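Take a look at the structure set out below.
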Amino acid sequence: MGVLEKVREPADLNALSEEQLTTLAREIRDFLVAKVSRTGGHLGPNLGIVELTLALHRVFESPRDRIIFDVGHQAYVHKMLTGRQEGFDLLRQKGGLSGYPSRAESEHDLVENSHASASLSYADGLAKAYQLRGEDRHVVAVIGDGALTGGMAWEALNNIAGAKDRPLVIVVNDNGRSYTPTVGGIADHLTALRTDPRYERVLDLVKRSLSRTPLVGPPLYDVLHGIKRGLKDVMAPQGLFEDLGMKYVGPVDGHDRELVEHALEQAKNFGGPVIVHCVTSKGHGYEIAEQDEADCFHSPSGAFDPLTGTPVAAPGAKWTNVFRDELVELGRERPDIVAITAAMRHPTGLDAFARAFPERSFDVGIAEQHAVTSAAGLAMGGMHPVVAIYSTFLNRAFDQMLMDVALHGCGATFVLDRAGVTGEDGPSHNGMWDMSILQVVPGLRLAAPRDGARLRELLREAVAVDDGPTVLRFPKGALADDLPALERRDGVDVLVREGDTDVLLVCVGSMAATGVEVAARLTGQGIGVTVVDPRWVKPVNPVLVDLARTHRLVVSLEDSGRVGGCGAALGLALSDARVGTPLHVAGIAQRFLDHDKRPQLLAEMGLGAQDLARDIVERMAQADDAALVTDDHGAVSRG
Ligand SMILES: Cc1ncc(C[n+]2csc(CCOP(=O)(O)OP(=O)(O)O)c2C)c(N)n1
Ligand SMILES: CC(=O)[C@@H](O)[C@H](O)COP(=O)(O)O
Ligand SMILES: [Mg+2]
């Protein structure tokens with residue numbers, strides 16, 4: 001029996017010898033590679049945080065002491081140490097472990113939101129609560145160097161640094177990367193803190209000479225640390241955190257568990273806010289990940305061969321790649337087009353544009369609010385920015401979109417990848433709010449392509465608009481075949497026109513394929529159906545209102561929240577035009593969705609073709625019944 005199997009809860013760690021702890025770290029890495037190579041998931045981040053997580057759970061007493069992980073994608077080791085090793089066979093699958101902390105899974109988990117840069121705010125609030133309640137509990141936030149580039153982190157630091165008497169431990173897990181190397185002055189400062197080459201050479205010399213002394217353990221650490229501090233004061237810049245009035249401990253080799261434990265003990269007993277700067281490497285201990293230049297195996301999307309790192313399933317055509325390639329073409333045609341990413345250049349497909357036009361490509365760090373408002377600035381300066389961002393992360397920049405971009409009529413284009421149900425990444429990753437929150441932005445134009453051909457077409461239409469924000473949104477992953485139209489009526493594509501004008505099915509974006517399937521089922525039951533794809537869903541196209549006049553039932557279908565979405569906007573337009581045709585809005589239920597696969601989640605919400613067709617048949621029958629009248633003699637006829 002290995003060591004890992006003996007660890008059922010954090011307290012079990014304190015019974016282990018140094019040798020067993022070293023073995024445990026190795027077994028944890030073997031476990032991570034073995035499991036994640038079958039399921040996909042955040043391998044690189046978790047390989048880099050093994051020793052740090054062991055040290056955290058040896059120094060602090062979770063769940064009495066609270067450990068908060070920023071984003072939470074790096075909490076697999078934490079889960080392994082808190083009794084959930086068995087759950088990794090179904091990682092990120094229905095009924096299996098979430099890929100992020102989950103309160104339903106464990107009392108050791110507190111924060112489930114996977115949106116970055118929030119951990120310090122949670123920690124600040126928690127520390128205030130414990131202080132007010134007189135509870136002697138430690139609060140530890142673990143934040144990556146990437147998440148530290150997010151604005152919320154600095155809002156929190158401003159408050160934390162101002163409370164000198166409120167204990168709070170901030171562990172910066174500095175592996176120098178978000179996906180790609182972390183950018184900006186903060187990253188540069190962290191780099192300077194850890195890697196002045198002269199400092200490293202002298203430090204190695206000191207380490208080697210001290211290793212021959214009788215000093216061991218903490219005394220050796222204290223002497224070594226004192227020398228390091230002296231060296232640092234002379235050879236490497238200090239101060240960002242200390243200038244804020246916080247105690248800074250580090251940089252600490254984040255893969256030396258003993259050193260990390262010692263630093264955490266110092267921080268634990270300090271009695272005020274402390275930064276522990278741990279230097280780690282993403283993918284540590286798994287050479288294939290360590291050498292992955294793109295993102296150190298940040299989050300392999302599916303199973304891969306652990307011996308080669310090669311994905312088991314060949315990657316098919318993807319929405320992101322269509323956008324990637326078309327933007328490069330546009331970049332060649334339009335020297336005013338610039339691209340902005342929030343630390344996700346490869347996942348959003350901006351890598352090709354960055355290679356082709358490095359001077360017109362900006363990575364702003366995990367800073368979506370800054371990305372949006374800096375786009376407004378770029379537009380005001382005569383450029384046409386294209387901001388590529390995951391749909392769910394735009395939530396964070398709503399006010400910037402409303403007041404900085406739209407209010408000023410800035411010509412900027414926002415491309416929302418991972419829109420709609422994404423699935424495996426859990427509730428905070430679904431892009432299900434974009435079409436609701438964007439509906440209320442005056443002057444914003446919103447498009448949802450149904451396939452690759454329309455994505456290329458709509459992207460070109462979007463960047464041609466220079467008097468207000470344009471937004472394109474499309475789902476995660478595999479791209480369906482192109483869906484040709486029968487005709488285009490003032491921008492609206494008619495996809496199906498079969499039989500009587502019983503049902504008008506207005507399909508938004510990728511749901512058009514489902515709409516065509518629904519139509520086939522309805523016509524099979526003698527119900528006439530017209531299927532249309534509006535392409536631009538905001539503002540509502542008047543063609544839809546005209547079509548509604550001549551149909552008996554309108555159904556809108558969208559991969560977005562029902563409340564305030566495209567269907568709701570269509571309902572307002574019909575009401576304003578005094579069109580009485582009944583409208584049913586089919587969309588994502590207004591609740592947080594547990595992790596599962598996209599098709600399953602859509603089907604579960606009645607958005608599969610069979611359920612939709614059945615629902616429409618029932619509605620038509622009701623409409624027919626309602627239209628039937630019975631005379632005094634009991635004869636029934638259509639009203
Ligand atoms: C607001 C927000 N934007 C983007 C992301 C996507 N994202 C997930 S992890 C990650 C990189 C995080 O880097 P870091 O904090 O350094 O953690 P590491 O992966 O290096 O451990 C990003 C950009 C996110 N989770 N939240
Ligand atoms: C944690 C995070 O926000 C991202 O790493 C996310 O998991 C990316 O998911 P995709 O696989 O959709 O790029
Ligand atoms: Mg990092």
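When a ligand or atom number is given, it counts from 1 through the structure's own listing order. Remember, predicted model here, so these are calculated numbers, not experimental data.
- Under the 6.0 Å cut-off for aromatic ring centres, His595 and His429 do not qualify, their centroids lying 6.0 Å or more apart.
- Shown in contact with Asp425 at under 4.0 Å from a heavy atom are these atoms of ligand 2, numbered in order with element: 6 (C), 7 (O), 9 (O).
- Ion pairing between Lys94 and Glu424 fails under the 4.0 Å rule for side-chain N and carboxylate O.
- Summary of contacts: the protein heavy atom closest to atom 13 (O) of ligand 2 is Tyr390 OH, 2.6 Å.
- Between Tyr248 and Phe241, the ring-plane angle classifies as parallel under the 30° and 60° cut-offs.
- Looking at Arg345 and Asp351, no side-chain N of the basic residue comes within less than 4.0 Å of a carboxylate O on the acidic one, giving no salt bridge.
- When only non-hydrogen protein atoms are considered, atom 4 (C) of ligand 2 lies nearest to Tyr179 OH, 3.1 Å.
- Proximity of His115 to ligand 2 is not established, as no heavy-atom distance is less than 4.0 Å.
- The shortest N/O to N/O separation between Tyr100 and ligand 2 falls below 3.5 Å.
- By the 30° and 60° cut-offs, the orientation of the rings of His78 relative to His57 is parallel.
- With respect to Asp425 and Arg92, a salt bridge is recorded, a charged nitrogen being found less than 4.0 Å from a carboxylate O.
- Taking every non-hydrogen atom of Val71 and a distance limit under 4.0 Å, the qualifying atoms of ligand 2 come out as 1 (C).
- Remark: ligand 2 and His429 share an N or O pair separated by less than 3.5 Å (distance only, no angle test).
- Inclusion of Asp174 in the first shell of the Mg ion (ligand 3) is not supported: no N, O or S atom falls under 2.8 Å.
- Residue Gly146: no N/O/S atom is found under 2.8 Å from the Mg ion (ligand 3).
- For the atom pair OG (Ser510) and CG (Asp559), the distance works out to 5.0 Å, reported to the nearest 0.5 Å.
- Between Asp295 and Arg177, no side-chain nitrogen of the basic residue sits less than 4.0 Å from a carboxylate oxygen of the acidic one, so the salt-bridge criterion is not met.
- By the 30° and 60° cut-offs, the orientation of the rings of Trp319 relative to Phe474 is parallel.
- Residue Thr422 places every heavy atom at 4.0 Å or more from ligand 2.
- Atom numbering of ligand 2 starts at 1 in the shown order; those under 4.0 Å from a heavy atom of His298 are 5 (O).
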Ligand 1: protein N/O within less than 3.5 Å of ligand N/O:
residue: ligand 1; atom: 3 (N); partner: Glu368; partner atom: OE2; Å: 2.7
residue: ligand 1; atom: 15 (O); partner: Ala147; partner atom: N; Å: 2.8
residue: ligand 1; atom: 16 (O); partner: Asp145; partner atom: N; Å: 3.4
residue: ligand 1; atom: 16 (O); partner: Asp145; partner atom: OD1; Å: 3.2
residue: ligand 1; atom: 16 (O); partner: Gly146; partner atom: N; Å: 2.7
residue: ligand 1; atom: 16 (O); partner: Arg177; partner atom: O; Å: 2.9
residue: ligand 1; atom: 19 (O); partner: His73; partner atom: NE2; Å: 2.7
residue: ligand 1; atom: 19 (O); partner: Lys282; partner atom: NZ; Å: 2.8
residue: ligand 1; atom: 20 (O); partner: Asn175; partner atom: OD1; Å: 3.1
residue: ligand 1; atom: 20 (O); partner: Asn175; partner atom: ND2; Å: 2.8
residue: ligand 1; atom: 20 (O); partner: Arg177; partner atom: O; Å: 2.9
residue: ligand 1; atom: 20 (O); partner: Lys282; partner atom: NZ; Å: 3.4
residue: ligand 1; atom: 25 (N); partner: Ser114; partner atom: O; Å: 2.8
residue: ligand 1; atom: 26 (N); partner: Ala116; partner atom: N; Å: 2.9

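- Using a 4.0 angstrom heavy-atom cutoff, Met344 does not count as in contact with ligand 2.
- The cationic atom of Arg360 (NZ for Lys, CZ for Arg) lies less than 6.0 Å from the six-membered ring centre of Phe357 and within 45° of the ring axis.
- The N/O atoms of His73, backbone and side chain alike, include none that comes under 3.5 Å of an N/O atom in ligand 2.
- Here Asn175 contributes OD1 and Asp145 contributes OD1, and at the Mg ion (ligand 3) these two atoms make an angle of 80°, given to 10°.
- Within ligand 2, the atoms closer than 4.0 Å to a non-hydrogen atom of Phe393 are 3 (O), numbered from 1 in the order shown.
- Annotation: atom 11 (O) of ligand 2 to nearest protein heavy atom, Lys476 NZ, 3.3 Å.
- Ring geometry, His298 versus Tyr179: the interplanar angle falls from 30° to 60°, so the pair is classed tilted.
- Expressed to the nearest 0.5 Å, how far CG of Asp70 lies from CG of Leu120 amounts to 6.5 Å.
- Ring pair Tyr100/Phe69: centre-to-centre distance not below 6.0 Å.
- A salt bridge links Glu604 with Arg591: the closest approach of a Lys/Arg side-chain nitrogen to an acidic carboxylate oxygen falls below 4.0 angstrom.
- The shortest N or O to N or O distance between Arg418 and ligand 2 is under 3.5 Å.
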